[in-house]
Amino acid sequence: MLFNSFEFMIFLPVVFLLYWFVFRGRRWQNMLVLVASYVFYGWWDWRFLLLIAFTSLCSYGSGVLLERFEGHRRWQQAVSAANIVLNLCILGVFKYYNFFVENMDALLGALGYHLDWVTMKVILPVGISFYTFQALSYTIDVYQRKLPATHDIVEFFAYISFFPQLVAGPIERATNLLPQFQNSRTFDYGQAVDGLRQMLWGLLKKLVIADNCAMVVNDNWGQYQELSGISLFIMGVMFTFQIYCDFSGYSDIAIGCARLFGFNLMRNFNFPYFSRSIPEFWRRWHISLTTWFRDYIYFPLGGSRCGKWKIIRNVFIVWGVSGLWHGANWTFVCWGLFHATLLAVYNIFGINTKYQHVVAYGRYLPNIREALQLVLTFFLAVIGWIIFRAETMTQAWEYLSRMLTTPYVAGQEIIDTKNMLLSGFGLLLVEWLQRDKQHALQLPASGIFKYAAARYFLYLLIVVLMVLFSGTVQTFIYFQF
């Protein structure tokens, strides 16, 4: 079930009304959330439910066993390792098996060997990378004694399958979300209204910006060899807008939707295109994933507590894994290594931890230095997204080579994207004005928006924009990951 579907428009209010007016009490509400989440997830293919239920059961059991073996560290290590390996094997089979087989066959073929490999036609379950990492974090956190194991199987299954963030994050930690299932919840009108505003902004980004950009990019990407360098750069910028509005739009809808039910999910995007460096960009983009890799891979490798070259090694390991997490394609791996290289350069010059505050805070405009930093970071992000979007590394190389060496070719048409670019930069303008807020529609209680009429006029304007300018409905990009 898609957030931008008619079915969800019926599903959400029905679940909301049942949750607050029929299923009173924490246990009954948790049961409703679990059932609703399985309906939401099974809407694509009911067979996916078997896999998420198995993952949930194994992770739940691992927590119980870890508590039972308290004081027996070796047994706890065995239980934790077994659950981690099991979950990664499931993820590997469904997501990476054919990728591994095809690359091994190519490698052995180059050496003169040929083996009869068996490939499988596997349907990639929606959101498997997200809920697998959520399940893994629970086992690791219980093992590290960051939280006690839960014995309530309903609340645990609801935690893994919570429908607002199930298929594309944020990747929640058990330390944040699970206690919210364990505590009673009361309806908060202000929280619910703000959640609806965030959902509205997310839908605007998805329907008006992301889906329209997707139409242009998808229609023209395959003919990149016929386009001028300027057109290729513009198309790269279009995809940069598309992936941001698509993914952050999903996160806005998920976070806002969760607030309707009394849950607070972690922030996943913090206006990343207003970053002054690539390290700052990655502190603001897909925060739940980058912090997951930081806490469970980067820190155990030594993090930043070791020598500079080992830090750089750790960065390349993390970003190689991050690239592979995004998909079974060398383009994703190279995209990760591209950003690892940039992060290593920033690290060498000792500026990887700078810029923790909002750019141009308290000012309407950045200074010249900040403006140049914003432009450079945005340009580097565009290069990375072109690699990410390419179907093969050959295509990525040819695309970038043509874009950078043939800026203009006489007789070739530049893609007509003026309206979409204006829309994209218009969106960035609104977010720039709200860059110190949690989301762009977090309206102040003072000024014109203290009047209800002004607020409702704004909501109506956004709805009209969505009705008039929505593109052809596209699935969310990160569903494939």
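These figures come from a predicted structure and were not determined experimentally.
You'll find the side chain of Val208 stays beyond 4.5 Å of the side chain of Leu427, heavy atoms only. For the pair Met199/Cys257, a side-chain contact is recorded, criterion being any heavy-atom separation below 4.5 Å from C-beta on. Residues Ser322 and His326 form a side-chain contact, since some pair of their non-hydrogen atoms from C-beta on lies under 4.5 Å apart. The closest side-chain heavy-atom distance from Phe130 to Val167 is not below 4.5 Å. Taking 4.5 Å as the limit, every side-chain heavy atom of Gln165 sits out of range of all side-chain heavy atoms of Asn268. Side-chain contact between Leu200 and Met466 is present, with heavy atoms from C-beta onward closer than 4.5 Å. Two residues are said to be in side-chain contact when any heavy atoms from C-beta on lie closer than 4.5 Å; Cys213 and Tyr244 fail this criterion. In this structure, the side chains of Glu280 and Thr377 stay at 4.5 Å or more apart for every pair of heavy atoms.
Across all their heavy atoms, Pro366 and Ala371 have their closest contact at CB-N, 4.1 Å. Contact record, Ala158 with Asn30: CB-O, 4.0 Å, taken as the closest heavy-atom pair. Nearest heavy atoms, Ile209 versus Ser423: CD1-CB, 3.6 Å. Listed here is the closest heavy atom pair of Ser161 and Ile52: CB-CD1, 4.0 Å. The minimum heavy-atom distance linking Tyr273 with Leu374 is given by the pair O-CD2, 4.5 Å. Here the shortest heavy-atom pairing between Val358 and Asp436 reads CG2-CA, 4.3 Å.
Using a 30° and 60° split on the angle between ring planes, Phe378 and Phe425 fall in the tilted class, from 30° to 60°. Ring pair Phe388/Trp335 is perpendicular by interplanar angle, where above 60° counts as perpendicular and below 30° as parallel. Note: Trp285 and Phe281 have parallel aromatic rings, judged against thresholds of 30 and 60 degrees for the angle between ring planes. Using the six-membered ring where Trp is involved, Tyr399 and Trp221 have ring planes that are parallel, under 30° apart on the 30 and 60° scheme.
Between the Tyr41 side chain and the Val126 main chain, a donor and an acceptor come within less than 3.5 Å of each other. A donor-acceptor pair under 3.5 Å is absent between the side-chain atoms of Tyr138 and the main chain of Ile160, judged by distance alone. With hydrogens and angles ignored, the 3.5 Å screen pairs no side-chain donor or acceptor of Trp44 with any backbone N or O of Leu2. The closest donor-acceptor contact from the side chain of Gln198 to the backbone of Gly195 lies at 3.5 Å or more, if one exists at all. Under a 3.5 Å cut-off, the side chain of Asn270 and the backbone N or O of Arg283 do not form any donor-acceptor pair. Using modelled atom types, no side-chain atom of Tyr19 and backbone atom of Leu32 make a donor-acceptor pair closer than 3.5 Å. Remark: side-chain polar atoms of Gln134 are paired, donor with acceptor, to backbone N or O of Tyr159 under 3.5 angstrom. Although no hydrogens or angles enter the test, the distance criterion places a donor-acceptor pair under 3.5 Å between the side chain of Arg435 and the main chain of Ala360. With hydrogens and angles ignored, the 3.5 Å screen pairs no side-chain donor or acceptor of Asn347 with any backbone N or O of Ile312.
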Exercise. Would Phe23 and Met31 satisfy side chain to side chain contact (heavy atoms under 4.5 Å, CB included), going step by step from the backbone distance to the final call?
Worked result: CA-CA 9 Å; Phe23 288 77; Met31 178 65 75; 5.6 Å; no
For this session: Using the side chain to side chain contact (heavy atoms under 4.5 Å, CB included) rule, take Ile386 and Leu232 through it: C-alpha gap first, then chi angles, then the decisive distance, then the call.
Result: CA-CA 10 Å; Ile386 289 171; Leu232 294 176; over 6 Å; no
Exercise. Given the rule in the side chain to side chain contact (heavy atoms under 4.5 Å, CB included) test, do Val359 and Phe271 qualify, once you have shown the distances and angles that lead to the verdict?
Worked result: CA-CA 10 Å; Val359 61; Phe271 307 116; over 6 Å; no
For this session: Just do the side chain to side chain donor-acceptor pair (under 3.5 Å) check on Glu398 and Gln225 with the steps written out, would you?
Result: CA-CA 8 Å; Glu398 291 177 350; Gln225 293 175 321; 3.3 Å; yes
For this session: Decide side chain to side chain contact (heavy atoms under 4.5 Å, CB included) for Asp295 and Ile140; before the verdict, give the C-alpha distance in whole Å, the side-chain angles of both, and the deciding distance to 0.1 Å.
Result: CA-CA 10 Å; Asp295 294 343; Ile140 297 170; over 6 Å; no
Exercise. Can Glu431 and Trp201 be said to form a side chain to side chain donor-acceptor pair (under 3.5 Å), step by step?
Worked result: CA-CA 11 Å; Glu431 294 201 335; Trp201 185 250; 3.1 Å; yes
For this session: Could you walk me through whether Gln191 and Asp194 pass the side chain to side chain donor-acceptor pair (under 3.5 Å) test, one step at a time?
Result: CA-CA 5 Å; Gln191 182 184 43; Asp194 194 60; over 6 Å; no
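Taking CZ of Arg197 as the start and CZ of Arg455 as the end, the distance is 6.0 Å to the nearest 0.5 Å. Taking CG from Asn212 and NZ from Lys206, the interatomic distance works out to 10.5 Å, rounded to the nearest 0.5 Å. Rounding to the nearest 0.5 angstrom, the gap separating the OG1 atom in Thr291 from the CD1 atom in Ile171 is 8.0 Å. To the nearest 0.5 Å, atom CZ of residue Phe156 and atom OG of residue Ser59 are 5.0 Å apart. Here OG of Ser228 is found 7.5 Å from CD1 of Ile234. Values are rounded to the nearest 0.5 Å. Expressed to the nearest 0.5 Å, how far CD1 of Ile128 lies from CG of Leu166 amounts to 11.5 Å.
With 3.5 Å as the limit, one finds a donor-acceptor pair spanning the side chains of Asp141 and Tyr296. Side chain to side chain, Gln442 and Gln434 fail the donor-acceptor criterion of an N or O pair below 3.5 Å. Side chain to side chain, Asp246 and Gln242 fail the donor-acceptor criterion of an N or O pair below 3.5 Å.
Counting non-hydrogen atoms of other residues, nucleotides and ligands closer than 6.0 Å to CZ of Phe457 gives a total of 12 or fewer. For CZ of Arg369, the number of neighbouring non-hydrogen atoms (other residues, nucleotides, ligands) closer than 6.0 Å is 12 at most. Residue Ile368 qualifies as open at atom CD1: its count of foreign heavy atoms under 6.0 Å is 12 or below. Within 6.0 Å of CH2 on Trp20 lie more than 12 heavy atoms contributed by other residues, nucleotides or ligands.
The aromatic ring centres of Tyr38 and Trp46 sit 6.0 Å or more apart. For Trp325 and Trp292, the ring centers are positioned 6.0 Å apart or more. For Phe261 and Phe163, the gap between ring centers is short of 6.0 Å. Taking the six-membered ring where the residue is Trp, the centroids of Tyr250 and Phe476 are separated by under 6.0 Å. When ring centroids are compared, Phe162 and Phe181 come within the 6.0 Å threshold. In this structure, Phe247 has its ring center under 6.0 Å from that of Phe269.
Between Lys205 and Asp252 there is a salt bridge, since a side-chain N of the basic residue sits under 4.0 Å from a carboxylate O of the acidic one.
When each of Phe293, Phe338, Trp282, Phe332 is paired with Trp319, the ring-ring contact (aromatic ring centres under 6.0 Å, His included) condition holds for Trp282 and for no other.
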